[in-house]
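All residue numbers refer to positions in the sequence shown, counting from 1. Just so it is clear, the model here is predicted, and its values are computed rather than measured. What's counted below: heavy atoms across the whole structure, side chains too, no hydrogens, waters or symmetry copies.
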Amino acid sequence: QLQLVESGGGLVQPGGSLRLSCAASGLIFDYVAIGWFRQAPGKEREGVACVSSSDGSTYYADSVKGRFTISRDNAKNTVYLQINSLKPEDTAVYYCSADQDGFRYGSSCPLGRLEYELWGQGTQVTVSS
């Protein structure tokens, strides 16, 4: 059964940190490129970070560079998103997604949501004092 399950969201004060997890099952995980997306109320879903399948190269949206860190642990079939210096504008539902043919990107990965065919259910991140 192909599945992505996110966890780690919650309510955090501005300036705080969270680590989101995305656990995958039913995939040949080494082949998979993983993206993290977020969707705030009334806004489109946007890509914030991705990690390639071939060598673990990482890419970030300009809006999160320096604060977000994506990493993968292939032994655990899990991808993490470390979020530091959280801002109220980071409030959103965060989704992880998978492209099972990640090798087609080489050492890159896409931040466009149309490239990914498998999605998790999302985890809510709320940044508020």
Side-chain angles (χ1 to χ4, degrees):
Q1 179 181 1
L2 302 178
Q3 193 173 16
L4 299 174
V5 178
E6 302 97 332
S7 61
L11 173 63
V12 63
Q13 292 186 343
S17 297
L18 281 175
R19 189 176 80 157
L20 308 183
S21 298
C22 171
S25 59
L27 304 172
I28 304 175
F29 193 71
D30 290 8
Y31 293 178
V32 176
I34 297 287
W36 277 100
F37 290 74
R38 67 183 180 185
Q39 188 166 19
K43 294 189 175 181
E44 292 189 356
R45 192 171 298 188
E46 64 168 342
V48 296
C50 66
V51 58
S52 73
S53 59
S54 61
D55 61 0
S57 294
T58 58
Y59 297 86
Y60 300 92
D62 288 342
S63 58
V64 306
K65 281 180 182 176
R67 298 190 301 120
F68 287 27
T69 303
I70 188 172
S71 61
R72 65 189 297 157
D73 185 340
N74 286 355
K76 296 182 178 180
N77 284 9
T78 300
V79 172
Y80 304 98
L81 185 69
Q82 178 69 40
I83 310 176
N84 298 327
S85 303
L86 276 156
K87 306 174 181 180
E89 53 263 41
D90 294 320
T91 295
V93 178
Y94 284 72
Y95 299 89
C96 69
S97 57
D99 183 331
Q100 299 178 72
D101 188 17
F103 282 122
R104 62 179 166 150
Y105 303 113
S107 60
S108 183
C109 54
L111 286 176
R113 62 184 179 90
L114 295 180
E115 305 298 326
Y116 295 90
E117 72 271 13
L118 184 64
W119 292 83
Q121 83 288 349
T123 186
Q124 176 71 48
V125 172
T126 302
V127 185
S128 175
S129 55

Checklist line | Donor-acceptor contact present, side-chain Ser63 to main-chain Ala61, <3.5 Å | finding: no
Considering only distance and modelled atom types, tabulate donor-acceptor pairs under 3.5 Å from the side chains of residues 31-38, sequence neighbours left out.
from	atom 1	to	atom 2	distance (Å)
Arg38	NE	Glu46	OE2	2.7
Arg38	NH1	Asp90	OD1	2.8
Arg38	NH1	Tyr94	OH	3.0
Arg38	NH2	Glu46	OE2	3.2

Please tabulate, for the side chains in residues 17-27, all donor-acceptor contacts under 3.5 angstrom to protein atoms that are two or more places apart in sequence or on a different chain.
from	atom 1	to	atom 2	distance (Å)
Ser17	OG	Asn84	OD1	3.0

For the backbone of Gly106 and the side chain of Ser54, can you confirm whether one donor and one acceptor N or O come within less than 3.5 Å of each other? yes
Open item on the list: Quick check: is Leu81 connected to Val93 through a chain of hydrophobic side chains (ILVMFWY, heavy atoms under 4.5 Å apart)?
Closed with: no
**Q.** Glu89 atom CD: more than 12 heavy-atom contacts under 6.0 Å
**A.** yes
* Asked: Backbone N or O of Val127 within a donor-acceptor pair of the Thr91 side chain at under 3.5 Å?
  -> yes
- prompt: Taking C-beta and beyond as the side chain, do Tyr60 and Val48 meet within less than 4.5 Å on heavy atoms?
  reply: no
### Query
Does the side chain of Tyr95 come under 3.5 Å of the side chain of Gln121 through a donor N or O and an acceptor N or O?
no
Applying side-chain contact (heavy atoms from CB on, under 4.5 Å) to Asp55 and not counting sequence neighbours gives Ser52, Ser57, Ser107
- [ ] Decide yes or no on side chain to side chain contact (heavy atoms under 4.5 Å, CB included) for Asp73 and Phe29, but give the supporting numbers first.
- [x] CA-CA 10 Å; Asp73 185 340; Phe29 193 71; over 6 Å; no
Original post:
Between Arg45 and Trp119, is NZ or CZ placed under 6.0 angstrom from the six-membered ring centre and within 45° of the ring axis?
Top reply: yes
So, Glu6 side chain and Gly122 main chain: donor-acceptor pair closer than 3.5 Å or not?
yes
- Query: Should Tyr116 and Ile70 be counted in the same cluster of Ile, Leu, Val, Met, Phe, Trp and Tyr side chains packed under 4.5 Å apart?
  - Reply: no
Original post:
Do Val125 and Leu11 belong to the same hydrophobic cluster, where Ile, Leu, Val, Met, Phe, Trp and Tyr are linked whenever their side-chain heavy atoms lie under 4.5 Å apart, directly or via other members?
Top reply: no
One should read off an interatomic distance between Cys109 SG and Arg104 CZ, to the nearest 0.5 angstrom, of 12.0 Å
When every non-hydrogen atom of Ala40 is compared with those of Ala92, the smallest separation belongs to N-CB, 3.8 Å
Here the gap from Asp30 atom CG to Asn74 atom CG, rounded to the nearest 0.5 Å, amounts to 4.5 Å
| Gln100 and Glu117: side-chain donor and acceptor closer than 3.5 Å? | yes
Exercise. Do Arg67 and Gln82 come close enough that some side-chain heavy atom pair is under 4.5 Å?
Worked result: no
Do Val5 and Ile28 land in one hydrophobic cluster if side-chain heavy atoms of ILVMFWY residues count as linked below 4.5 Å? no
Taken to the nearest 0.5 Å, the spacing of Glu115 CD from Asp101 CG works out to 11.0 Å
Using the six-membered ring of Tyr80, assess whether NZ or CZ of Arg72 lies under 6.0 Å from its centre and within 45 degrees of the ring axis.
no
